[in-house]
Amino acid sequence: MHLETRDSSDGTREIAAVHFACGSQFMSDLYIDCTGFQSLLLGEALESKFISYDKSLFTDHAVVADVPHGGRLQPYTRAETMDNGWCWAIPQMEADHRGYVFCSSFCKVEDAIEEMRRKNPQMLEHRIVKFRSGRHEECWRGNVVAIGNSYAFVEPLESTALHMIITEIMLLLAVLPDRQD
């Protein structure tokens, strides 16, 4: 995918077209950036400044894995302290989805994996998620509106992400005209 940008009539940058590897292109008056942490439209193409919260929110990595629960599906989400951060446990039908959130300045990734595995001996294959807490300077720039992690991510408030996405969509709908005149 390639994003073509241009200067709008008021001099701000905006997306002109989205070009796909298959050769097709897409053009629109308004784009919704829902590309997650990558923020491909707002952050990368339009170069919206990212305001980091790293001076007050230190966590920047998570070890994420499923842990079989043996058919014992708990009716709640659990958060627990770890040696260098905290861990969520979200019950799903097949297994508990677990994530150990920590700061890589104080704990090596390998040490976090080892602790996660020690406290969850049946842990399946893990993956590492690197993230940054903060937000872009604006959520709407040119003809792009960023929703969810494309605009901001504030750990440890990620559990509110679905609510925030719904709220952001409702706010966007409130400012858009409901008909063309």
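Two different hydrophobic clusters hold Val67 and Val64 under the rule that ILVMFWY side chains link at heavy-atom gaps under 4.5 Å. There is no path of hydrophobic side-chain contacts, each under 4.5 Å, that joins Leu173 to Leu171. Both Ile90 and Trp86 sit in one connected hydrophobic cluster of ILVMFWY residues. Membership requires side-chain heavy atoms under 4.5 Å apart, directly or through other members. Using a 4.5 Å cut-off between side-chain heavy atoms of Ile, Leu, Val, Met, Phe, Trp and Tyr, with links allowed through other members, Trp88 and Met93 fall into different hydrophobic clusters. By the rule that hydrophobic residues join a cluster once side-chain heavy atoms approach within less than 4.5 Å of another member, Val129 and Val101 end up as members of one cluster.
In plain terms, the two heavy atoms of Leu73 and Pro91 that are nearest each other are CD1-CB, 3.6 Å. Among all heavy-atom pairs drawn from Ser150 and Gly36, the shortest one is OG-N, 3.0 Å. Shown here for Cys87 and Arg98, the closest heavy-atom pair between the two residues is SG-NH2, 3.2 Å. The two atoms that bring Glu168 and Tyr151 nearest to each other are OE2-CD2, 4.3 Å, heavy atoms only. In this structure, Pro68 and Leu124 approach most closely via the heavy-atom pair CD-CG, 4.0 Å. Closest heavy-atom contact between Val63 and Met116: O-CE, 3.7 Å.
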Between Glu115 and Tyr100, does a side chain to side chain donor-acceptor pair (under 3.5 Å) hold up when you go through it step by step? CA-CA 9 Å; Glu115 180 185 2; Tyr100 178 6; 2.5 Å; yes

Carefully, step by step, assess Ile128 and His61 under the rule side chain to side chain contact (heavy atoms under 4.5 Å, CB included). CA-CA 7 Å; Ile128 303 298; His61 281 73; 3.8 Å; yes

Which is it for Arg141 and Asp33 under the salt bridge (charged side-chain N to carboxylate O under 4.0 Å, His left out) test, yes or no, and what are the steps along the way? CA-CA 11 Å; Arg141 185 175 208 172; Asp33 187 345; over 6 Å; no

Side chain to side chain donor-acceptor pair (under 3.5 Å), that's the test. Do His69 and Gln74 meet it? Break it down for me. CA-CA 9 Å; His69 53 50; Gln74 300 294 329; over 6 Å; no

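Side-chain contacts under 4.5 Å among hydrophobic residues (ILVMFWY), followed directly or transitively, place Leu40 together with Met1, Leu3, Ile15, Val18, Phe20, Phe26, Met27, Tyr31, Leu41, Leu42, Leu46, Val144.
Between atom CD of residue Gln122 and atom CZ of residue Arg117 there is a gap of 11.5 Å, rounded to the nearest 0.5 Å. To the nearest 0.5 Å, atom CG of residue Leu172 and atom CD1 of residue Ile32 are 5.0 Å apart. The distance from atom CD of Glu137 to atom CZ of Arg135, rounded to the nearest 0.5 Å, is 7.5 Å. In this structure, CG on Leu57 lies 11.0 Å from SG on Cys103, to the nearest 0.5 angstrom. To the nearest 0.5 Å, atom CG of residue Asp83 and atom CZ of residue Phe106 are 15.0 Å apart. Of the inter-residue distances, the one linking Asn149 atom CG with Met164 atom CE reads 11.0 Å to the nearest 0.5 angstrom.
Without hydrogens or angle criteria, Arg13 side chain to Ala45 main chain gives no donor-acceptor distance under 3.5 Å.
Annotation: ring-ring contact (aromatic ring centres under 6.0 Å, His included) contacts involving residues 114-141, sequence neighbours excluded, comprise Phe50-His136, Phe131-Phe153.
Under a cut-off of 6.0 angstrom, the local environment of CD in Gln25 is crowded, with over 12 non-hydrogen atoms contributed by other residues, nucleotides or ligands. Heavy-atom contacts from other residues, nucleotides or ligands closer than 6.0 Å to CZ of Arg72 number 12 or fewer.
At a threshold of 4.5 Å between non-hydrogen side-chain atoms, the residues Asp54 and Asp60 do not count as touching. The shortest distance between side-chain heavy atoms of Ser52 and Arg132 does not fall below 4.5 Å.
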